[in-house]
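Please read these numbers as outputs of a predicted model, since none were measured by experiment.
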Amino acid sequence: MTNCIKSEFYRVFHTKSVYLMTGACLLVVLLYNVILWCMATFTMDFPWATTKYAFSTLEADMHIPLFLSAVMGSVVVSDELKHRTINNSVAFGLSREQIYLARVIVGMAASAVCLLVTEAGLIGSGYLLLENSGSVYTLSLLKGTVACVPAWIAGMVAFISLYYATGRESIGIWSWILVMVAVPAVVRLLGMKFELCTRLSSWLLYTMISYTEPGEEWLIYSWSTTGGFLKCQEAGIIGIALFIVLGILVIRRREL
């Protein structure tokens, strides 16, 4: 298992995909802060060039990294069923469960690198270019990040599992959108009429991390309270466990 993980680390981190994705995410947040700085510098009365606005904007869009988690899952599997590169691992004597779990572990590591670099760039450039609104908004962003990390990991694991279930990357993407986005949207609509759907919707990852409502200072998120924060963590961990079980079951039956 250790050798399998090492080989996966070598394969993933010796390709351009992880670095291109990390660089693209970093470029977006840097450009965002630069645009805010330029608007404040070259226009009159622009009150949004602050760390409060920059950090809170990302915190209000925590569902975007969920979509990026599916992209990272695609980077990890690299369409290996189509190219049949997975057969090399099987021929080497590795079990299918080991192959699957190695993909998940390496995907988590690659996602962590991308997340750390992106948020470090956002916070660092924010303090460098924008008006400092105080540490409270930085801490709020970090709290939201910690709350949503399990959900993002679940999103990546979901894509890997659905890829092995469907056998094609394109079908895996559409299946991921159906499971992670479309179903929660339908359940949320049904929740307007049925109480059971309302309760179920509050545990679905996309609904949970995209939930906002107006507050006195800014927006209130599902993780704003201690109970909500723990619920986000629990829902994410449950999602990870369920998709890992699904992945192991389908890769056992997958014809290679």
Side-chain angles (χ1 to χ4, degrees), residues 25 29 32-33 36 47-48 50-70 72 108 111-112 114-116 118-124 126-127 130-158 176 179-244:
C25 292
V29 297
Y32 179 68
N33 283 340
L36 292 179
W48 297 289
T50 63
T51 56
K52 170 186 175 180
Y53 184 81
F55 299 166
S56 299
T57 300
L58 175 60
E59 191 175 4
D61 293 317
M62 288 299 198
H63 58 284
I64 294 178
L66 183 65
F67 288 97
L68 294 177
S69 71
M72 185 61 76
M108 291 170 62
S111 300
C114 183
L115 175 62
L116 290 173
T118 303
E119 287 216 349
L122 173 67
I123 295 172
Y127 276 113
L130 308 177
E131 179 185 340
N132 187 357
S133 305
S135 62
V136 61
Y137 298 102
T138 307
L139 294 175
S140 180
L141 172 62
L142 295 176
K143 178 182 179 181
T145 300
V146 173
C148 295
V149 160
W152 298 337
I153 295 174
M156 183 202 65
V157 176
W176 187 94
V179 172
M180 300 298 293
V181 181
V183 170
V186 172
V187 173
R188 186 176 182 179
L189 288 174
L190 292 175
M192 300 174 67
K193 187 172 180 63
F194 303 104
E195 178 63 25
L196 178 62
C197 291
T198 301
R199 295 179 181 179
L200 176 60
S201 178
S202 68
W203 283 90
L204 298 180
L205 299 178
Y206 184 80
T207 303
M208 181 177 292
I209 65 178
S210 61
Y211 167 83
T212 59
E213 65 178 41
E216 293 182 4
E217 291 291 330
W218 193 248
L219 298 174
I220 298 174
Y221 312 103
S222 57
W223 55 84
S224 295
T225 64
T226 301
F229 179 88
L230 294 175
K231 187 175 182 180
C232 285
Q233 295 273 295
E234 292 170 4
I237 292 171
I238 291 171
I240 294 170
L242 289 176
F243 286 120
I244 284 179

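- Considering only heavy atoms from C-beta on, V186 comes within 4.5 Å of L190 through its side chain.
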Open item on the list: For I209 and L205: C-alpha separation, side-chain torsions, deciding distance, then whether side chain to side chain contact (heavy atoms under 4.5 Å, CB included) applies.
Closed with: CA-CA 6 Å; I209 65 178; L205 299 178; 5.6 Å; no
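- Atom CD1 of residue I220 and atom CD of residue E213 lie 4.5 Å apart, to the nearest 0.5 angstrom.
- Side chains of W152 and L68 form no contact here, defined as non-hydrogen atoms less than 4.5 Å apart.
- Once rounded to the nearest 0.5 Å, the distance linking CG of L196 with OG of S201 reads 11.0 Å.
- Of the possible polar contacts, one joining the T51 side chain to the S133 backbone as a donor-acceptor pair under 3.5 Å is found.
- Of the possible polar contacts, none joining the T118 side chain to the L115 backbone as a donor-acceptor pair under 3.5 Å is found.
- Between H63 and F67, the angle of the ring planes goes over 60°, which puts this pair in the perpendicular group of the 30/60° scheme.
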TODO: Output, in order, the C-alpha distance, side-chain angles, deciding distance and verdict of side chain to side chain contact (heavy atoms under 4.5 Å, CB included) for T145 and M62.
DONE: CA-CA 8 Å; T145 300; M62 288 299 198; 3.8 Å; yes
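- With rounding to the nearest 0.5 Å, the separation of CZ in F194 from CZ in R199 is 14.5 Å.
- Rounding to the nearest 0.5 Å places OG of S135 at 10.5 Å from CG of L142.
- A donor-acceptor contact closer than 3.5 angstrom links the side chains of S140 and E59.
- Of the possible polar contacts, one joining the N33 side chain to the L122 backbone as a donor-acceptor pair under 3.5 Å is found.
- In this structure the side chain of L130 never reaches within 4.5 angstrom of the side chain of Y53, judged on heavy atoms.
- Within the 3.5 Å criterion, the main-chain N or O of V146 finds a donor-acceptor partner in the side chain of Q233.
- At a threshold of 4.5 Å between non-hydrogen side-chain atoms, the residues M180 and L66 count as touching.
- Going from atom CZ of F55 over to atom CD of E119 covers 9.5 Å, rounded to the nearest 0.5 Å.
- When only modelled atom types and interatomic distance are considered, K231 and S202 share a side-chain donor-acceptor pair under 3.5 Å.
- The shortest distance between side-chain heavy atoms of C232 and S222 falls below 4.5 Å.
- In this structure a side-chain-to-backbone donor-acceptor pair under 3.5 Å is missing from W223 to L230.
- Defined by atom type and a distance below 3.5 Å, a donor-acceptor pair is present between the side-chain atoms of Y32 and T57.
- Atoms CE and SG, from M72 and C114 in turn, are 4.5 Å apart once rounded to the nearest 0.5 Å.
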TODO: In sequence, state the C-alpha distance, the side-chain angles, and the governing distance for Y137 and T50, and then conclude on side chain to side chain contact (heavy atoms under 4.5 Å, CB included).
DONE: CA-CA 10 Å; Y137 298 102; T50 63; over 6 Å; no
